[in-house]
There are 2 protein chains.
Amino acid sequence: MNDIKLMNRAADNIRILAASMVEKAKSGHPGGAMGGADFVNVLFSEFLVYDPQNPRWEGRDRFFLDPGHMSPMLYSVLALTGKFTMDELKDFRQWGSVTPGHPEVNVDRGIENTSGPLGQGHTYAVGAAIAAKFLQARLGKEVMDQTIYAYISDGGIQEEISQGAGRVAGTLGLDNLIMFYDANNIQLSTKVDEVDNENVALKYESWGWKVISIDGNDADAIRQALKEAKAEKERPTLIIGTTVMGKGALGADHSSYENKVSTHGQPLSAAGVSMEDTIKNLGGDPENPFVIFPEVEALYAKRKAELNELMAEKKAVKAAWAEAHPDLAVKMANWFAGKIPEIDWAGIQQKANQATRAASATVLGVLASSVENMICASADLSNSDKTDGFLKKTHAFVKGDFSGAFFQAGVAELTMACICIGMSLHGGVIAACGTFFVFSDYMKPALRMAALMEQPVKFIWTHDAFRVGEDGPTHQPVEQEAQVRLLEKLKNHKGQNSMLVLRPADGAETTVAWKMAMENMSTPTALILSRQNITDLPAKGNRYQEALGAEKGAYILNEDANPDVTLIASGSEVSTLVDGAALLRADGVKVRIVSVPSEGLFRAQPKDYQYSVIKPDGKNFALTAGLPVSMESLVGFNGRVWGMNSFGYSAPYKVLDEKLGFTGQNVYKQVKELLAE
Amino acid sequence: MNDIKLMNRAADNIRILAASMVEKAKSGHPGGAMGGADFVNVLFSEFLVYDPQNPRWEGRDRFFLDPGHMSPMLYSVLALTGKFTMDELKDFRQWGSVTPGHPEVNVDRGIENTSGPLGQGHTYAVGAAIAAKFLQARLGKEVMDQTIYAYISDGGIQEEISQGAGRVAGTLGLDNLIMFYDANNIQLSTKVDEVDNENVALKYESWGWKVISIDGNDADAIRQALKEAKAEKERPTLIIGTTVMGKGALGADHSSYENKVSTHGQPLSAAGVSMEDTIKNLGGDPENPFVIFPEVEALYAKRKAELNELMAEKKAVKAAWAEAHPDLAVKMANWFAGKIPEIDWAGIQQKANQATRAASATVLGVLASSVENMICASADLSNSDKTDGFLKKTHAFVKGDFSGAFFQAGVAELTMACICIGMSLHGGVIAACGTFFVFSDYMKPALRMAALMEQPVKFIWTHDAFRVGEDGPTHQPVEQEAQVRLLEKLKNHKGQNSMLVLRPADGAETTVAWKMAMENMSTPTALILSRQNITDLPAKGNRYQEALGAEKGAYILNEDANPDVTLIASGSEVSTLVDGAALLRADGVKVRIVSVPSEGLFRAQPKDYQYSVIKPDGKNFALTAGLPVSMESLVGFNGRVWGMNSFGYSAPYKVLDEKLGFTGQNVYKQVKELLAE
């Protein structure tokens with residue numbers, strides 16, 4: 001069998017497996033998978049470099065799938081490499097199977113990312129390509145020379161985020177990024193040209209990419225394009241492959257079922273295809289479609305042997321490198337193990353009475369100096385979200401120079417979030433990113449994916465409430481805290497809170513919050529920080545030591561014996577409670593003050609701890625600059641919440657404090673009313 | 001004074017006013033406003049067609065500002081047209097003023113949209129341009145010949161959404177859309193070229209736009225470009241105007257303060273600028289900057305006279321048109337008044353036991369036939385979100401033909417939402433759009449703006465829960481219902497729930513939900529609909545009549561005398577409660593079943609109604625396919641909720657029902673436990 005025949009045979013094998021998986025599951029997306037089979041076959045059988053013995057090898061090439069609904073294609077090609085069995089393919093989309101409807105990150109199985117929401121997957125690839133550049137700049141090309149491959153479809157090209165990914169990859173000259181665009185002119189509802197007449201090649205060229213256009217079902221053209229892309233040393237490459245949706249599909253009357261919208265999202269038989277004729281047409285046995293053809297098995301065995309040989313060389317190179325650079329070898333091991341260096345958290349000096357965003361900047365300065373594998377980003381707000389605390393100790397990435405550790409993402413919050421997730425998926429780096437809290441709305445689709453994939457990205461959100469002041473309601477977060485805390489309530493597949501959300505109350509608590517964020521390597525963490533200065537909270541002893549109470553999610557800041565009322569808040573509202581408590585105490589009311597930086601974490605504590613901090617049936621008063629619902633479950637049925645119900649207003653924040661009742665006087669008034677009830 | 005001198009003088013007037021507003025407020029963004037002054041001056045003094053006597057004239061050109069932080073520029077040019085007084089400019093960013101930090105929609109004052117979150121404003125303009133085309137196709141060019149102008153900055157160009165706006169406008173050939181791109185190479189944190197080396201002209205050309213590049217501070221070049229853009233009859237036009245940030249700003253030593261990042265987001269004096277020298281340099285009086293120069297007043301008076309003359313002509317044309325087309329004249333008046341025709345809601349026949357998305361399709365078919373000014377959109381899911389019920393009665397927009405009423409948005413949920421908001425802001429049309437509920441995450445930034453602007457867009461979200469089944473966790477909404485209902489809790493500036501969110505429980509309730517959505521012209525409405533079939537709920541009499549109880553947000557579906565327990569749910573979980581109730585009743589338990597399509601609306605009812613439906617201290621059991629928090633406040637402190645805490649799993653939905661406890665049997669079990677407590 002000549003080369004091209006063999007390659008087509010292997011692609012047909014993938015087509016048969018993919019179509020049969022969907023058919024058996026009675027659910028899924030066969031058409032696209034059949035069109036894309038040729039590309040993944042060439043990639044996995046000739047180009048993708050990985051260690052067949054160690055799927056977690058740090059230097060592996062990485063393949064990021066964007067259109068998760070094309071999972072049958074991915075599972076099938078991975079089955080050819082030995083990562084999935086035929087039985088596992090047959091179990092597609094069933095309870096407890098390792099082949100869910102959309103792929104879920106599983107590095108041991110060759111799946112680098114969860115995918116489904118279009119556009120995010122290839123943006124993770126951009127992040128991974130940045131991480132690879134960053135690590136290469138520190139560790140050397142000997143051990144960090146991986147290529148990042150991405151696979152995108154028509155839907156991903158349309159998603160807004162692909163503009164951010166395209167711009168960033170072009171601006172930073174990510175020549176280690178190669179993306180295949182599976183252009184089959186079919187989307188779920190229509191043909192693509194009915195909703196999109198853009199010139200995709202020109203668009204990517206406008207972003208500074210190299211663009212190669214080919215027949216995406218031609219193995220040789222794919223091979224040549226990949227070679228050309230690998231040779232490119234200045235730009236990311238987009239290979240536009242025109243492909244045939246449902247390639248090889250036949251109706252019962254032997255008419256072609258190629259290029260039909262109907263084969264996109266349902267079993268082929270439901271679209272009118274004859275599975276029998278189609279499988280025969282593709283060279284398979286309709287009675288027994290779940291097989292790997294012997295010659296295809298041989299093709300992939302040959303590739304495996306090549307890879308084993310290549311890995312022997314690479315291991316020798318790494319050993320020599322490790323001997324020459326023992327310090328780097330230790331760093332590399334620690335970085336990929338997710339270990340952070342010892343940090344003298346207690347020794348971090350915070351200025352008195354500052355905004356928590358400024359306290360965060362202080363910590364970021366320490367992290368920039370001490371955590372060598374940390375990358376911090378901002379969506380064009382570094383001087384406002386105070387990620388410049390990090391930036392001042394380093395410099396931003398630019399094309400050709402990744403010696404810095406700061407990523408200026410531009411005004412593109414969702415892109416930034418996905419790029420940070422991609423860095424994290426790559427491994428070896430710790431990613432953090434900042435913007436205004438109100439714009440966390442733009443990041444929600446990515447937050448959900450970070451939470452689902454258990455990626456420890458740190459989200460820094462400043463300007464946390466109406467105290468943004470003059471910028472007015474478009475910039476004043478109200479519902480956002482309740483919104484993001486929903487991810488604290490949602491559990492990930494391990495049963496943990498899927499996200500840790502911290503709103504520290506003063507400088508010391510901000511240091512503690514950062515300590516918690518850095519120590520949390522199992523979920524994303526969010527830090528919600530104030531724009532305005534906050535009076536430091538009172539302490540009996542060392543405020544930092546007392547603020548470590550935040551590690552339980554909520555703790556008693558101070559209390560009188562037998563308190564009449566418990567005052568509860570997070571963030572800057574805690575200091576307003578302190579003001580109110582002074583008035584109440586002057587009036588003989590005995591008070592407990594509780595700071596709750598994370599309700600989700602607090603709820604994960606033993607019940608007796610929870611009840612020792614907040615009595616469920618006690619007189620509890622909570623103050624929140626968010627929606628009252630943020631605090632309603634904490635105050636219990638005898639409690640009262642003073643919160644925000646409106647979008648806010650444009651005015652200086654001290655005026656807003658008065659107008660909206662965020663003052664010690666109003667705390668006093670509300671608590672007196674509550675106690676009189 | 002020659003023409004150009006006068007135009008520059010007027011632009012300088014705007015620069016002085018804008019910079020002085022920020023200076024007086026001690027807060028805001030002066031630099032960009034000063035750079036963009038020349039464009040808005042040419043636009044408002046020579047091109048923008050509006051009725052000085054009637055700011056709500058339907059045929060007016062509309063100006064959409066994208067970068068809301070450039071509000072001082074907008075307020076200042078509107079002051080020249082007489083829409084704001086000098087005192088109002090002085091009150092910039094203060095409590096209760098009509099000049100908030102970011103503009104808030106105020107058509108009477110010439111402000112067509114609220115702006116702030118970058119990228120959305122110009123996307124509204126795309127929506128408005130589509131609405132204008134749609135209305136022109138129905139009413140005629142005599143009365144609908146407006147041009148839509150948009151103003152975008154570097155940040156907006158970077159925001160992901162500008163890709164969606166650019167693609168749609170190009171694909172649909174919106175030659176009635178002219179956008180000015182204020183390219184000053186400065187963004188908040190850096191110069192633009194540090195984060196973005198894209199070729200913007202090429203990018204818009206790839207989307208099919210006409211692109212004109214000019215010096216954006218040259219009045220004559222602006223004028224020529226606008227003329228050329230107005231003459232274009234095939235494509236939208238982008239005018240790329242290179243402008244000077246902080247144009248005219250001087251330091252105390254008379255050095256230039258132009259082109260500095262520091263003048264972007266703070267008063268000029270804080271950036272080191274001498275206000276005195278700058279105002280003098282711009283031809284003003286530093287002691288008295290809040291004045292309109294007499295010659296500028298004359299310029300705008302002349303324009304006003306021209307417009308009055310033009311309006312006289314236009315009114316005559318309209319009168320002749322109305323005489324020739326009295327039916328159209330009535331329609332036009334009704335459409336712009338937001339009146340919908342009588343619809344025989346009770347007469348809509350729903351098939352038994354179908355998915356609520358299918359019931360929605362039935363209603364959409366009726367609406368497509370009876371509401372002539374309704375536009376329905378889908379983000380490439382029309383055959384799945386069942387907006388095809390509408391599509392089947394009409395056809396999609398294509399370039400040059402807006403006789404259809406369906407907008408195929410492509411895979412771009414945020415863009416679709418903003419375009420629908422823009423249609424609504426334009427007026428004269430009713431916009432609806434559909435996608436999967438899990439993707440409402442992508443739309444959140446737009447939902448917030450629709451809610452804040454009180455735009456009655458209808459959001460259709462299907463595939464409302466884990467019963468999406470095999471598609472798995474990336475496609476299974478869990479936290480989304482709680483999330484979007486936060487906007488039911490948030491109040492708009494009128495004090496109403498800022499959004500109406502309805503999750504109907506069966507076909508009849510879906511008809512009622514659509515009735516409520518169509519009758520709600522004061523806020524956005526969301527419909528949350530099932531993918532899977534639902535058994536129709538039992539009725540004593542006519543199910544539709546009983547389902548009208550949904551108009552109170554929650555109602556008793558049925559009950560036994562002196563019920564032992566109240567069962568509460570929304571959507572498809574209500575039918576599961578009915579199954580559970582049968583088991584409980586067989587066991588002698590007396591039951592009340594409550595359907596709660598909208599908690600927010602229910603909470604707006606009188607307390608005695610609320611308590612008559614759900615006793616706060618009663619034994620209440622709620623079932624929700626969302627996070628338990630969605631229902632926790634409804635069941636009260638003696639209640640229990642069975643909900644979802646995980647992201648879900650890929651499996652057939654009936655398997656998931658069993659595994660996750662969404663069965664009548666589990667309702668029985670949970671309620672028995674609750675009653676035993």
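To find a chain, count down the sequence lines: A is the first, B the second, and so on, and within it residues start at 1. Atoms considered below: every heavy atom in the structure, side chains included; atoms not considered: hydrogens, waters and symmetry mates.
Listed options B:N383, B:L391, B:L172 were ranked by heavy-atom pairs under 4.5 angstrom with chain A; first place goes to B:N383. Counting heavy-atom pairs closer than 4.5 Å to chain A, the top residue among B:L490, B:D193, B:N492, B:L202 is B:L490. Between chain B and the residues A:A25, A:A201, A:P616, A:S206, the largest count of heavy-atom pairs under 4.5 Å involves A:S206. With respect to chain A, the highest number of heavy-atom pairs below 4.5 Å among B:L447, B:D388, B:I161 belongs to B:I161. Interface remark: of the candidates A:D380, A:D617, A:N197, A:V195, A:D380 forms the most heavy-atom pairs closer than 4.5 Å to chain B. When each of B:E632, B:E413, B:H29 is scored by its heavy-atom pairs under 4.5 Å with chain A, the top score falls to B:E413. In terms of heavy-atom pairs under 4.5 Å with chain B, the best-connected choice from A:G101, A:A446, A:P628, A:A165 is A:G101. Most heavy-atom pairs under 4.5 Å with chain A: of the set B:L381, B:L656, B:V655, B:V398, this distinction falls to B:L381. Considering only heavy-atom pairs separated by less than 4.5 Å from chain B, the leading option among A:A651, A:P445, A:G469, A:G472 is A:P445. Per-residue counts of heavy-atom pairs under 4.5 Å with chain B were compared for A:P652, A:G164, A:G170; the largest is that of A:P652. Between chain A and the residues B:T99, B:L188, B:L486, B:T114, the largest count of heavy-atom pairs under 4.5 Å involves B:L188. Taking chain B as the reference chain and counting heavy-atom pairs below 4.5 Å, the highest number among A:S646, A:G495, A:G68 is found for A:S646.
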Evaluation steps, side-chain contact (heavy atoms from CB on, under 4.5 Å), between A:M443 and A:T435: CA-CA 10 Å; A:M443 305 164 89; A:T435 187; 3.8 Å; yes
Show the numbers, then the answer: is there a side chain to side chain donor-acceptor pair (under 3.5 Å) between B:Q158 and B:Q187? CA-CA 10 Å; B:Q158 272 167 31; B:Q187 46 194 97; 2.6 Å; yes
Working for side chain to side chain donor-acceptor pair (under 3.5 Å), residues B:N497 and B:K491: CA-CA 5 Å; B:N497 293 357; B:K491 308 296 183 213; 2.7 Å; yes
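Within the 4.5 angstrom heavy-atom criterion, only backbone atoms of B:Q476 (N, CA, C, O) approach chain A. For B:V168, no part lies under 4.5 angstrom from a heavy atom of chain A. Contacts between B:T415 and chain A at a heavy-atom distance below 4.5 Å involve backbone atoms as well as side-chain atoms. For B:A451, the parts lying near chain A are the backbone and the side chain together; criterion is any non-hydrogen pair under 4.5 Å. B:S162 touches chain A through backbone and side chain together, each having a heavy atom under 4.5 Å away. Contacts of B:Q266 with chain A are absent, with no heavy-atom separation under 4.5 Å from either backbone or side chain. Within the 4.5 angstrom heavy-atom criterion, only side-chain atoms of A:V438, from C-beta onward, approach chain B.
For the residue pair A:S633 / A:E599, a side-chain donor-acceptor distance below 3.5 Å is found, with atom types taken as modelled. The closest side-chain donor-acceptor pair between B:Q120 and B:N113, if any, does not fall under 3.5 angstrom. No side-chain donor-acceptor contact under 3.5 Å links A:Q483 and A:S440.
Ring orientation note: the planes of A:F637 and B:F637 are close to parallel, at an angle under 30° on the 30°/60° scale. The aromatic rings of B:H493 and A:Y649 lie parallel to each other, with less than 30° between the two planes, well short of the 60° mark. Between A:H102 and A:H69, the angle of the ring planes goes over 60°, which puts this pair in the perpendicular group of the 30/60° scheme.
By the side chain to side chain contact (heavy atoms under 4.5 Å, CB included) test, B:E198 pairs with A:W207, B:I157, B:D196, B:V200, B:K203, sequence neighbours left out.
Considering all non-hydrogen atoms of both residues, A:T474 and B:P117 come closest at CB-CD, 3.9 Å.
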